[in-house]
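Computation of the quantities below employed the complete heavy-atom set of this structure, encompassing side-chain atoms and omitting hydrogens, waters and symmetry-equivalent molecules. Proteins come first, then strands; the chains are lettered A, B, ... in the order of their sequence lines, and each starts at number 1.
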Amino acid sequence: DAGITQSPRYKITETGRQVTLMCHQTWSHSYMFWYRQDLGHGLRLIYYSAAADITDKGEVPDGYVVSRSKTENFPLTLESATRSQTSVYFCASSEGRNTEAFFGQGTRLTVV
Amino acid sequence: AQSVTQPDIHITVSEGASLELRCNYSYGATPYLFWYVQSPGQGLQLLLKYFSGDTLVQGIKGFEAEFKRSQSSFNLRKPSVHWSDAAEYFCAVGALNYGGSQGNLIFGKGTKLSVKP
């Protein structure tokens with residue numbers, strides 16, 4: 001089906017482990033984004049990508065790594081998970097600059 | 001830096017009553033403005049958007065919003081709320097001058113809507 005999918009939907013990991021959250025979109029949108037959602041903070045941008053092989057930091061990039069070797073995929077890696085990274089992570093894509101973003105269902109990550 | 005303020009964290013309305021959710025933005029030029037809705041455990045769904053032209057925009061599910069440049073506001077309205085409208089609502093702004101560290105869309109912190117029967 002067309003759309004944007006995230007996996008896994010739920011993940012529990014231990015402090016210090018590396019974990020990768022996957023994001024896949026079928027629209028061939030140029031732009032992709034990772035946000036985290038926390039109570040009292042709304043959605044904050046972690047990283048974004050304007051095209052394959054082009055990525056840049058958002059508001060809260062520390063502790064995260066992204067790559068975009070293919071237009072349709074935009075994985076987010078926590079290199080060494082910390083409890084402060086417990087959050088709900090949303091991937092989104094958009095066709096161009098300042099157009100509406102389409103969101104995945106989210107990944108609820110718990111770091112214990 | 002651009003910012004979005006949603007002054008109301010939580011609003012409760014009775015079913016059938018009218019609704020207005022407030023959104024104020026901080027940006028010098030004409031912004032691109034959006035309202036999203038998030039049901040529990042779900043992602044965000046676009047309700048409506050404003051890019052230019054008519055300042056009153058219609059969206060899905062019977063929602064509308066009005067852009068008021070003089071007040072830097074983009075308030076969301078619905079004439080008659082249904083129980084299924086209970087959700088969290090986010091206002092967002094996209095900046096014309098792309099760049100910096102905040103990316104494509106900047107979100108407010110959200111307003112949670114509860115609907116009384």
Side-chain angles (χ1 to χ4, degrees), chain A residues 3-7 9-10 21 23-25 27 29-51 54-62 64 66 68 74 76 88-108, chain B residues 1-10 21 23-25 27 29-52 57 59-60 65 74 87-112:
Chain A
I4 183 164
T5 55
Q6 294 182 234
S7 60
R9 290 292 313 276
Y10 302 92
L21 310 183
C23 179
H24 176 79
Q25 53 108 351
W27 293 302
H29 284 170
S30 296
Y31 287 80
M32 295 189 75
F33 311 90
W34 276 105
Y35 291 88
R36 61 178 289 174
Q37 185 177 32
D38 304 288
L39 275 175
H41 291 280
L43 284 92
R44 293 180 291 174
L45 184 69
I46 304 171
Y47 269 96
Y48 62 94
S49 169
I54 300 175
T55 63
D56 207 349
K57 296 177 181 179
E59 183 183 355
V60 288
D62 293 343
Y64 302 96
V66 293
R68 195 163 176 212
F74 191 40
L76 176 74
V88 180
Y89 291 86
F90 286 100
C91 180
S93 71
S94 67
E95 191 173 8
R97 289 174 52 179
N98 299 308
T99 58
E100 61 265 37
F102 296 89
F103 283 79
Q105 294 286 78
T107 295
R108 182 175 293 276
Chain B
Q2 300 93 10
S3 65
V4 176
T5 301
Q6 294 179 246
D8 303 305
I9 297 173
H10 190 188
L21 301 182
C23 172
N24 293 96
Y25 65 89
Y27 186 63
T30 300
Y32 294 167
L33 295 161
F34 307 84
W35 274 100
Y36 284 85
V37 61
Q38 184 182 30
S39 298
Q42 301 297 311
L44 280 74
Q45 180 185 19
L46 181 71
L47 282 176
L48 48 78
K49 60 189 178 187
Y50 171 78
F51 286 175
S52 65
V57 293
I60 63 171
F74 188 57
E88 191 154 19
Y89 292 80
F90 292 91
C91 182
V93 62
L96 280 176
N97 294 322
Y98 187 74
S101 64
Q102 292 192 290
N104 197 48
L105 292 182
I106 302 161
F107 286 85
K109 294 184 178 181
T111 298
K112 184 175 180 180

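A heavy-atom distance below 4.5 Å is found between the side chains of Gln37(A) and Phe90(B). Residues Leu105(B) and Phe33(A) fail the side-chain proximity criterion, which asks for heavy atoms closer than 4.5 Å.
Within a 6.0 Å radius of CD1 in Ile54(A), other residues, nucleotides and ligands contribute more than 12 heavy atoms. By the 6.0 Å contact criterion, CZ on Arg44(A) is enclosed, its count of non-hydrogen atoms from other residues, nucleotides or ligands being greater than 12.
For Gln6(B), no part sits under 4.5 Å from any heavy atom of chain A, backbone or side chain. In this structure, chain A has heavy atoms under 4.5 Å from both the backbone and the side chain of Leu44(B). The part of Arg9(A) that comes within reach of chain B is its side chain, from C-beta onward, which places non-hydrogen atoms under 4.5 angstrom from that chain.
Of all heavy-atom pairs spanning Phe90(A) and Gln38(B), the tightest one is CZ-NE2, 3.2 Å.
Here Lys109(B) contributes atom NZ and Leu39(A) contributes atom CG; the two are 11.5 Å apart, rounded to the nearest 0.5 Å. Here the straight-line distance linking atom CG of Leu46(B) with atom CZ of Phe102(A) works out to 7.0 Å at 0.5 Å rounding. The distance from the CZ atom of Phe107(B) to the OH atom of Tyr35(A) is 5.0 Å, given to the nearest 0.5 Å.
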